Amino acid sequence: MLTGLGMLESPRWRAGQLWVADWTAGLIRAIDAFGKYRIVVEHQSLPMCFDFLPGSPAEEGLVLTSSSHKALLRLSADGTLSRYADLSALSPYGPNDIVIDGRGNAYVNNVNFDFAAGPPAGDPAPGFVALVNNGGVRIVADDLAFPNGMAVTADNSTLIVAESYRHRLTAFDIGADGSLSNRRVWADVGGHSPDGICLDRDGATWYADVGDACCVRVCQGGEVLDRVQLDRGAFACMLGGDDRSTLFVVAAHWPGPQRLLDHTEWDGTVLAVAAPAPGAGWPGADSPGG
């Protein structure tokens with residue numbers, strides 16, 4: 001659909017368009033079916049993931065993670081960003097990924113270490129998931145090894161987190177108050193390091209893998225159902241389109257840490273592939289239940 005972009009992340013389907021974050025450009029773009037885009041947000045942040053509040057117009061419901069503000073920011077109708085939740089008390093490092101479920105619970109994770117300095121040694125792992133709801137902010141899960149993509153099932157009962165450094169998808173039950181419990185391994189993905197994820201109506205999870213340049217569809221337990229091989233690292237994926245049966249993948253060449261902010265080195269690309277089952281859950285579409 002598009003190429004020649006930067007480091008792409010956080011694809012979302014909303015209002016008949018694919019929305020993607022270009023971290024190195026500091027932009028969030030909304031892309032139509034013809035590959036034409038408009039710039040919705042300009043904000044410098046690494047990371048800069050986003051999702052939408054349920055029942056809100058697309059622009060006014062957009063909430064993004066901001067490492068520079070150590071906060072969640074919400075987009076207003078006039079195009080300005082305002083503070084949605086202060087996360088500065090949770091960690092000296094910026095937040096990473098976000099998913100908002102059908103009840104408006106915002107789950108935001110944090111790797112909680114300096115990525116440029118390399119991974120910390122030992123257990124427990126420093127990563128965590130925080131919950132933002134009803135004006136409050138609290139950590140609801142810890143001991144996560146580089147938490148990355150997250151998704152919530154359509155019934156709002158289960159949160160799945162990609163633990164990149166433990167090479168697995170980890171699941172939690174979601175309580176009535178948004179709290180997480182009953183931690184378990186949803187799928188061991190072998191040598192892969194899962195990044196962005198999405199769910200489908202067959203109960204399977206798609207995960208993107210940068211190092212192996214692919215997107216993989218697995219069922220609970222880890223059996224591989226489908227695989228899409230790419231020519232560059234896959235950072236995240238999303239099931240969207242009119243019937244949610246198109247797998248959108250954002251991919252790029254990893255230029256190395258020395259060229260992390262060199263926008264042109266990434267050659268970020270947005271691809272679309274027909275999927276065997278439509279999307280479900282959150283991140284979701286405009287309708288209730290995802």
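Only heavy atoms go into these numbers, but all of them, side chains included; no hydrogens, no water, no symmetry mates. Quantities reported herein were computed from a predicted structural model and do not represent experimental measurements.
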Spatial distance of atom CG (D97) from atom OG1 (T65) [nearest 0.5 Å]:
7.5 Å
Does a salt bridge link D51 with R12, judged by any charged N lying under 4.0 Å from a carboxylate O?
yes
Closest non-hydrogen atom pair, A236 against P11:
CB-CD, 3.4 Å
Connected to I98, directly or through other members, by ILVMFWY side-chain contacts below 4.5 Å are L53, V63, L72, Y84, L87, L90, I100, V108, F128, V132, V137, I139
Can you name the nearest heavy-atom pair linking P194 to R168, along with the distance?
CG-O, 3.7 Å
Say whether V40 and L81 are linked into one hydrophobic cluster, either directly or through other cluster members, by side-chain heavy-atom distances under 4.5 angstrom.
yes
Check this for me: D242, atom CG, are more than 12 non-hydrogen atoms of other residues, nucleotides or ligands nearer than 6.0 Å?
no
Ignoring hydrogens and angles, state whether a donor on the side chain of N156 or W282 is under 3.5 Å from an acceptor on the partner side chain.
yes
Run R103 and I174 through side-chain contact (heavy atoms from CB on, under 4.5 Å) and show every step you take.
CA-CA 11 Å; R103 298 177 294 180; I174 300 176; 3.1 Å; yes
Between S179 and V140, the two heavy atoms sitting closest are CA-CG1, 4.3 Å
Any non-hydrogen side-chain atom of Q17 less than 4.5 Å from a side-chain atom of R38?
yes
Nearest heavy atoms of D143 and R183, plus distance in Å:
O-NH2, 2.8 Å
Backbone of G241 reached by a side-chain donor or acceptor of T246 within 3.5 Å:
no
R29 charged N/C atom sitting above Y37 aromatic ring, 6.0 Å / 45°
yes
Do L18 and I39 belong together in a cluster built from hydrophobic side chains that touch within less than 4.5 Å?
yes
Same cluster for I197 and M7 if Ile/Leu/Val/Met/Phe/Trp/Tyr side chains link at under 4.5 Å?
no
Minimal non-hydrogen separation, D22 against G6, with atom names
OD2-N, 3.1 Å
Would you say the side chain of N96 lies within less than 4.5 Å of the side chain of M48, judging by non-hydrogen atoms?
no
Which atom names give the shortest non-hydrogen contact between T3 and R232, and what distance separates them?
OG1-NH1, 4.3 Å
Evaluate the side-chain proximity of T158 to R184: yes if any heavy-atom separation is below 4.5 Å, no if none is.
yes
Is there a path of hydrophobic side-chain contacts, each under 4.5 Å between heavy atoms, that joins W19 and L271?
no
Side chain to side chain, W266 and L5, heavy atoms closer than 4.5 Å
no
Salt bridge flag under 4.0 Å for residues D177 and R138
yes
Verify whether one side chain among D212 and H192 offers a donor that lies under 3.5 Å from an acceptor in the other.
yes
Do V270 and V249 come within less than 4.5 Å of each other through their side chains, counting heavy atoms only?
no
Regarding S164 and S193, do their side chains bring together a donor and an acceptor under 3.5 Å, going by distance alone?
no
Are the charged groups of R166 and D188 less than 4.0 angstrom apart, N to O?
no
Just to verify, which of T153, V152, N105 counts as forming a side-chain contact (heavy atoms from CB on, under 4.5 Å) with L159?
V152
Does a donor on one side chain and an acceptor on the other come within less than 3.5 Å for S67 and S45?
yes
Residues two or more places apart in sequence or in another chain: which of them pass side chain to side chain contact (heavy atoms under 4.5 Å, CB included) with P147?
N109, V111, L144, V161
Within the structure provided, determine whether R217 and D202 are in side-chain contact (heavy-atom separation under 4.5 Å).
yes
Going by heavy atoms in the side chains, are V250 and M238 under 4.5 Å from each other?
no
Same cluster or not: are W206 and L169 linked, directly or through other Ile, Leu, Val, Met, Phe, Trp or Tyr residues, by side-chain heavy atoms under 4.5 angstrom apart?
no
